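Here's the structure, in structure tokens; my notes come after.
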Amino acid sequence: MSQTILYARVSTADQNRDHQRTQAEAAGFDIDDVIADHGVSRVSTKLAERPEGKRLFDKLRRGDVLVVRWVDRLGRDYQDVTDTIRAFMRQGVVVRTVINGMTFDGATTDPMQEAVRDALIAFMAATAQAQAEATKEAQKAGIAAAKGDPVKYRGKKPGYDLEALNTVQNMAAMGKGTTTIAKATGLSRQAVLRIKGDPAAAQAALERWAGT
């Protein structure tokens, strides 16, 4: 009997296991089990090398559905994400995302459908890597600022959290309009435009206010 498994990454307060399951179920997924890695960065560690990532590979069987919030959960960079998705498809596992409801199924044999699917995987993986690199740069900026006058450097506290920031970037990468993104995240159009205009700065602002 096939099952639907949610793979979650739990690395910050706003990325807890229950929250991610609630989001997936709100998107229409009937989740049978949740596998979550705690405090493991996608930037530095391959999925297959993460403690629960190994368990995920062992648990999934042909016909199962793997649900992830976004493809960035599946790898540390472009190559890792694409390799992981294709490995699961070869295994007969269907990969689906909560954001935008994307589906990657290796069962299709139509050449045109395969081409479109593979191009979409490549695009989404490239977007995930770009966001990871922007996050690393923002973190460096936050560390550098902390060596000076952190109170003066912080500026205005952001009106969004990491979850909203990631959602804005992911939806923007898929071509969604500002108004649509604002409604989905609960942010103002101005906030969405600022994040879209300079995502690295938006991430850096969160880093400066972390823990406050």
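Because the structure is a prediction, the values reported are computed rather than measured.
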Same cluster (ILVMFWY, side-chain, under 4.5 Å), Val93 and Leu47: yes
Minimum heavy-atom distance between Thr82 and Ala122, given as atom pair plus value: CG2-CA, 4.4 Å
Treating Ile, Leu, Val, Met, Phe, Trp and Tyr as nodes and any side-chain heavy-atom pair under 4.5 angstrom as an edge, say whether Phe29 and Val95 lie in one connected cluster. no
For Met171 and Thr180: C-alpha separation, side-chain torsions, deciding distance, then whether side chain to side chain contact (heavy atoms under 4.5 Å, CB included) applies. CA-CA 9 Å; Met171 292 184 72; Thr180 299; 4.1 Å; yes
Would you indicate whether the side-chain heavy atoms of Gln169 and Trp70 approach each other to under 4.5 Å? no
Please check: side-chain N/O of Thr84 versus main-chain N/O of Leu74, any donor-acceptor pairing under 3.5 Å? yes
Can you list the steps and then say if Arg96 with Phe104 is a side chain to side chain contact (heavy atoms under 4.5 Å, CB included)? CA-CA 6 Å; Arg96 300 190 62 187; Phe104 302 106; over 6 Å; no
Any sub-3.5 Å donor-acceptor pair from Asp37's side-chain atoms to Gly53's backbone N or O? yes
Under 4.5 Å between side-chain heavy atoms, counting indirect links through other Ile/Leu/Val/Met/Phe/Trp/Tyr residues: same cluster for Ile85 and Val67 or not? no
Identify the two heavy atoms, one from Arg90 and one from Arg62, that lie closest to each other, and give their separation to 0.1 Å. O-NH2, 3.6 Å
Judged by modelled atom types alone, do Thr178 and Arg189 share a side-chain donor-acceptor pair under 3.5 Å? no
Evaluate the criterion side chain to side chain contact (heavy atoms under 4.5 Å, CB included) for residue pair Ile5 and Leu56; output intermediate values, then yes/no. CA-CA 9 Å; Ile5 298 175; Leu56 183 67; 4.0 Å; yes
Atom pair CZ/CG of Arg73 and Leu66 - distance to nearest 0.5 Å: 12.0 Å
Test item: side-chain donor near acceptor, Arg69 and Thr97, under 3.5 Å: no
Where is the tightest heavy-atom contact between Gln91 and Phe57, given as atom of each residue plus distance? NE2-O, 3.7 Å
Taking NZ, NE, NH1 and NH2 as the nitrogens, is one of them in Asp64 or Lys59 under 4.0 Å from a carboxylate oxygen of the other? no
Distance from Glu163 atom CD to Gln23 atom CD, nearest 0.5 Å? 4.5 Å
Has Lys176 got more than 12 heavy atoms of other residues, nucleotides or ligands less than 6.0 Å from its NZ? no
Taking all heavy atoms of Gly75 and all of Asp80, pick out the closest pair and write down the distance. CA-OD2, 3.2 Å
Quick one: closest heavy-atom pair of Tyr160 and Ala205, and the distance? OH-CB, 3.9 Å
With hydrophobic residues grouped by side-chain heavy-atom distances under 4.5 Å, do Leu60 and Met102 end up in a single group? yes
Could you pull out all residues at least two apart from Arg21 that satisfy salt bridge (Lys or Arg N to Asp or Glu O under 4.0 Å)? Glu25
Starting from the C-alpha separation in whole Å, work towards a yes-or-no answer on side chain to side chain contact (heavy atoms under 4.5 Å, CB included) for Leu162 and Leu165. CA-CA 5 Å; Leu162 183 60; Leu165 174 64; 4.2 Å; yes
Can you tell me if Asp105 uses its side chain to pair, donor with acceptor, with the backbone of Val94 under 3.5 Å? no
Holding to side-chain hydrogen bond (donor to acceptor under 3.5 Å, both in side chains), I want the full list of residues that pass it with Arg55, two or more places apart in sequence or in another chain. Glu52
Criterion salt bridge (charged side-chain N to carboxylate O under 4.0 Å, His left out) on Asp83 and Lys46, from CA distance to verdict: CA-CA 11 Å; Asp83 287 350; Lys46 289 184 177 182; over 6 Å; no
State whether the side chain of Arg17 and the backbone N or O of Val34 hold a donor-acceptor pair below 3.5 Å, judged by distance alone. yes
Is there a path from Ile35 to Val81 through hydrophobic residues (I, L, V, M, F, W, Y) whose side chains come within less than 4.5 Å of each other? yes
Taking Asp32 for its side chain and Gln3 for its backbone only, find out whether a donor-acceptor pair lies under 3.5 Å. no
Heavy-atom nearest pair, Ile181 first then Ala172, reads CD1-N, 3.8 Å
When rounded to the nearest 0.5 angstrom, what distance separates CG in Asp30 from CG in Leu6? 12.0 Å
